[in-house]
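In listed order, ligands and their atoms are each counted from 1. Computed from a predicted structure; not experimentally measured.
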Amino acid sequence: MQAAVVVDELVRCGVREVVLCPGSRNAPLALALAAADAAGRLRLHVRLDERGAGFLALGLALGTDRPAAVVMTSGTAVANLGPAVLEADHAGVPLLVLSADRPVELVGTGASQTIDQSALFGRAVRADITLGLARPDDESQNGRWRSAVCRAVAAAAGHGGPAGPVQLDIPLAEPLVPGPGVTTSQAAAEVWPGRSGGGPWTAAQAGTHDAPVPVDLTVETVVIAGHGAGPAPELAAVPTVAEPTAGARENTLHPLALGLLAPRQVIVLGRPTLHRKVAALLADPAVRVIVLGADPRWPDVPGQAARVGTRAQVRGAVPEHWAARCARADARAREATAQVLAETDSPTGLHVAAALSGALRSGDRLVVGASNPIRDLALTGPIPPGVTVESNRGVAGIDGVVSTAIGAALAHDRDVPGARTVALLGDLTFLHDQTALVIGPGEPRPKDLVLVVADDDGGGIFTLLEQGHPRFADAFERMFAAPHGGDLPALCRAHGIPCTTVTPDQVPAALAGEGLRVVHVHTRRDGLREMHARIADAAGR
Ligand SMILES: Cc1ncc(C[n+]2csc(CCOP(=O)(O)OP(=O)(O)O)c2C)c(N)n1
Ligand SMILES: [Mg+2]
């Protein structure tokens, strides 16, 4: 009864995508979810690995813009949600973790698969709610359970603050399956009623906080549009350094162009996560920094922000000489990047990113892995307008990217028939989430998802960081690059996933196809440090 009530109320609250990881303690939830899936009230995805399942739900939430849930058994199964919960916290993604639990009196008794699950995710969750143990025939629990579900969904969706993860812990006692003779659908039908009309028990009213900040545009200004930047049409004329996930922006400025400019004022939208030149600018005490956004944890790493609000109330116009200087610096940086790429024979991740951005079309969804791929796209873009870009920039982990891409693709091709999702990721990122390729025969599969893997046999990004300096060459390969020497096409074959190996210039043609597939590109990282130095040098001249 309790599981049926919880699932019914989740649906009433608008949850449509649920990921289930099999177990015994969560059997009541599994059976209630199976019935809801069969009735078409939600779509269920069954996965073995809870870590990937969390990211799958995160991708589904990103793709649908509404809370998605992940359900697992007790013990380490719940702890495996740590990475996805932290990402959802920092990126503001509505992720509901429904953890089945043992009755509280079993904690600390030596009972199997029993840990203290309350507050397991600490301050990373927006709410951490534990349901009471079901008492037979006590219908007064119906409202409590339903209101708790509504509270959990509202907290995840961002009621009174930013969206984020929520844990709903559900202690369950034996019997964990319905009595003799009762089928899955009969058990699901035996549910205490929700509100008449099919709506939620408690409808949480949405509202917005409006805090305009006066901004004088006659000062030499740039906008830094970071991860999660919202629309800001009043700033459209201001030269903008946009991360790939910031959405389409007008008057974009290549990140390397910043070296040629000395803006006096910076307006930050979303959270800057990528460029060292941007970090240096935001740390410059001579620059006036204005941060716009609704998150109480506004981004201001060096502690230099002068004003914080939700939107700009602009005065004056962008001076023509400033707009022209920015446009020239931008063109210079773009030419320099394209020129060095054309001059470099050995294929790199930058070549793959350049080929890929040129092949994207409006309506595509692009999912990008951390490490070099997102930086390569930022340097080689521009990504065509109408492409939605997702990347787990909350904590910038290389974990869970394949699962996130599958979730985003499943959401995307469900909402937009014929829609394509493309992911770009490194080889280590791909290998880190191998279990994402384990998809059961009856499970919903992406209709059109192509994973483009730039395989430089290790972590190419480290060649660009301090540890990539030649003086650390003796330790570098093993300690940082961590080559795997693996055969990625063979790994794909083991999971029945088609994989083609191509060169960077063949990437555009290789994108065509259907279902889940991999496009594998051999790239090199040995010349990357020198190549980036040449681009930066040419862009700064
Ligand atoms: C979960 C997690 N573990 C470790 C790291 C540190 N890290 C950042 S980039 C990277 C290497 C990624 O290599 P790959 O995916 O092949 O991309 P490349 O840099 O080669 O383009 C590692 C290990 C991280 N960000 N997240
Ligand atoms: Mg790599």
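- Considering only heavy atoms from C-beta on, P444 comes within 4.5 Å of H45 through its side chain.
- Both the backbone and the side chain of N372 come within 4.0 Å of ligand 1, judged by heavy-atom distances.
- E17 and T64 form no side-chain donor-acceptor contact under 3.5 Å, judged by distance and modelled atom types alone.
- By the criterion of a heavy-atom distance under 4.0 Å, neither the backbone nor the side chain of A482 is placed next to ligand 1.
- Distances from the Mg ion (ligand 2) show that A454 has no N/O/S atom below 2.8 Å.
- Taking 2.8 Å as the threshold, D456 counts as a candidate ligand of the Mg ion (ligand 2), since one of its N, O or S atoms lies below it.
- Protein heavy atom closest to atom 19 (O) of ligand 1, with residue, atom name and distance, is S371 OG, 2.5 Å.
- Annotation: atom 20 (O) of ligand 1 to nearest protein heavy atom, G460 N, 2.7 Å.
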**Request:** Applying salt bridge (Lys or Arg N to Asp or Glu O under 4.0 Å), run through D448 and R420 and close with a yes or a no.
**Result:** CA-CA 5 Å; D448 191 352; R420 175 173 80 170; 5.4 Å; no
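- For atom 4 (C) of ligand 1, the closest non-hydrogen atom of the protein is I398 CG1, 4.1 Å.
- Within 6.0 Å of CD on E443 lie more than 12 heavy atoms contributed by other residues, nucleotides or ligands.
- Within the 4.0 Å heavy-atom shell around ligand 1 one finds P373.
- Near I461, with a cut-off below 4.0 Å to any heavy atom, the atoms of ligand 1 are 9 (S), 19 (O).
- Ranking the protein heavy atoms by distance from atom 15 (O) of ligand 1 puts T429 OG1, 2.5 Å first.
- By the 4.5 Å heavy-atom criterion applied to side chains, L48 and T435 are not counted as neighbours.
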**Message:** Please evaluate residues V301 and L282 with respect to the criterion side-chain contact (heavy atoms from CB on, under 4.5 Å), reporting the C-alpha separation (whole Å), side-chain torsions for both, the decisive distance (0.1 Å), and the verdict.
**Reply:** CA-CA 8 Å; V301 179; L282 295 174; over 6 Å; no
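- Considering backbone and side-chain atoms together, D399 places no N or O closer than 3.5 Å to any N or O of ligand 1.
- The atom of D427 that is an N, O or S and sits closest to the Mg ion (ligand 2) is OD1.
- Between atom 11 (C) of ligand 1 and the options A481, G459, P483, the minimum heavy-atom separation is to G459.
- The environment of CZ in R524 is sparse: at most 12 heavy-atom neighbours from other residues, nucleotides or ligands sit within 6.0 Å.
- Under the 4.0 Å criterion applied to side-chain N and carboxylate O atoms, R525 and E477 are assigned as salt-bridge partners.
- Distances below 4.0 Å separate heavy atoms of G397 from the following atoms of ligand 1: 25 (N), 26 (N).
- Scanning the protein heavy atoms around atom 16 (O) of ligand 1, the nearest turns out to be D427 OD1, 2.6 Å.
- The minimum heavy-atom distance between A405 and T421, with the atom names listed, is O-CG2, 4.4 Å.
- Nearest protein heavy-atom contact of atom 25 (N) of ligand 1 is A396 O, 3.3 Å.
- Inclusion of D457 in the first shell of the Mg ion (ligand 2) is not supported: no N, O or S atom falls under 2.8 Å.
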**Request:** Determine, step by step, whether T348 and H351 satisfy the side-chain hydrogen bond (donor to acceptor under 3.5 Å, both in side chains) criterion, reporting the C-alpha distance in whole Å, the side-chain angles of both residues, the deciding distance to 0.1 Å, and the verdict.
**Result:** CA-CA 5 Å; T348 67; H351 292 90; 2.8 Å; yes
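- Ligand 1 has a nitrogen or oxygen under 3.5 angstrom from a nitrogen or oxygen of G458.
- At a heavy-atom cutoff of 4.0 Å, ligand 1 is contacted by the side chain of F462 but not by its backbone.
- Heavy atoms of P83 stay at 4.0 angstrom or farther from ligand 1.
- In this model, a donor atom of one side chain and an acceptor atom of the other lie less than 3.5 Å apart for R393 and T273.
- Remark: the S99 side chain and the D169 side chain contain an N/O donor-acceptor pair separated by less than 3.5 Å.
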